[in-house]
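Okay, so here's the structure we're looking at.
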Amino acid sequence: MTSMQFFLFKEVKTKYWSDSMNDKELYKGPLDNCPLTFALNLIRGKWRLPIIWILSKNGTMRYNELKRGIDGITNMMLTQTLKELESYDIINRKQFMEVPPRVEYSLTENGENLILALKVLANWGSKMKNRGDSE
């Protein structure tokens, strides 16, 4: 890898400023103003897509339902990832003031729109995979 290639792929911490994500640090590279890079930064990570996908399939879910539905996730990672997705306005957290306390998670309108985009990407991936299988 040349020094120029390393520079192009080196990620640096920066801050995005928007109404829904004040003071959130995300990594980005040379494609600073690329909306696709911004979107991919919001959903990257081991646990974000599984959480988004299970909520899209099941609608509103409680914390323990999510935990049981995502194999291998720890309580700490689930809690952290849910907070991040909530701060990005992808999921909604609704807390009920009752005994025992109850919290439900669901996709926001932004989350539902993300599902539409992910389905298009999945269809493209399927076509690419099938193309590779036929060669």
Rounded to the nearest 0.5 Å, what separation is found between the [atom1] atom of [X] and the [atom2] atom of [Y]?
{"X": "T60", "Y": "I91", "atom1": "OG1", "atom2": "CD1", "result": "11.0 Å"}
{"X": "R68", "Y": "I54", "atom1": "CZ", "atom2": "CD1", "result": "10.0 Å"}
{"X": "I43", "Y": "E84", "atom1": "CD1", "atom2": "CD", "result": "13.5 Å"}
{"X": "M76", "Y": "Q80", "atom1": "CE", "atom2": "CD", "result": "6.5 Å"}
{"X": "S106", "Y": "N58", "atom1": "OG", "atom2": "CG", "result": "12.0 Å"}
{"X": "I73", "Y": "W47", "atom1": "CD1", "atom2": "CH2", "result": "5.0 Å"}

After noting the C-alpha distance and the side-chain angles of K94 and V103, does the key distance pass the side-chain contact (heavy atoms from CB on, under 4.5 Å) rule? CA-CA 6 Å; K94 186 174 182 182; V103 178; over 6 Å; no
Answer yes or no: are there more than 12 heavy-atom neighbours, outside E109 itself, under 6.0 Å from its atom CD? no
Walk me through whether L82 and L66 qualify under side-chain contact (heavy atoms from CB on, under 4.5 Å). CA-CA 10 Å; L82 288 169; L66 280 167; 4.0 Å; yes
If we only count heavy atoms from C-beta on, is the L36 to L40 side-chain gap below 4.5 Å? yes
Within one Ile-Leu-Val-Met-Phe-Trp-Tyr cluster: L116 and L121, side-chain cutoff 4.5 Å: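 Result: no, two separate clusters.
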Is [X] reaching over with its side chain to a backbone N or O of [Y], donor-acceptor style, under 3.5 angstrom?
{"X": "Y63", "Y": "N75", "answer": "yes"}
{"X": "T108", "Y": "N92", "answer": "no"}
{"X": "K67", "Y": "L78", "answer": "no"}
{"X": "T81", "Y": "M77", "answer": "yes"}

Test log, rule side-chain contact (heavy atoms from CB on, under 4.5 Å), inputs E104 and M61: CA-CA 5 Å; E104 293 180 344; M61 296 180 75; over 6 Å; no
Would R102 and Q95 satisfy side-chain contact (heavy atoms from CB on, under 4.5 Å), going step by step from the backbone distance to the final call? CA-CA 6 Å; R102 179 171 52 118; Q95 184 170 351; over 6 Å; no
Run through L55, L107, I51, L42 and flag the one making a side chain to side chain contact (heavy atoms under 4.5 Å, CB included) with L85. I51
Ignoring hydrogens and angles, state whether a donor on the side chain of N110 or Y88 is under 3.5 Å from an acceptor on the partner side chain. no
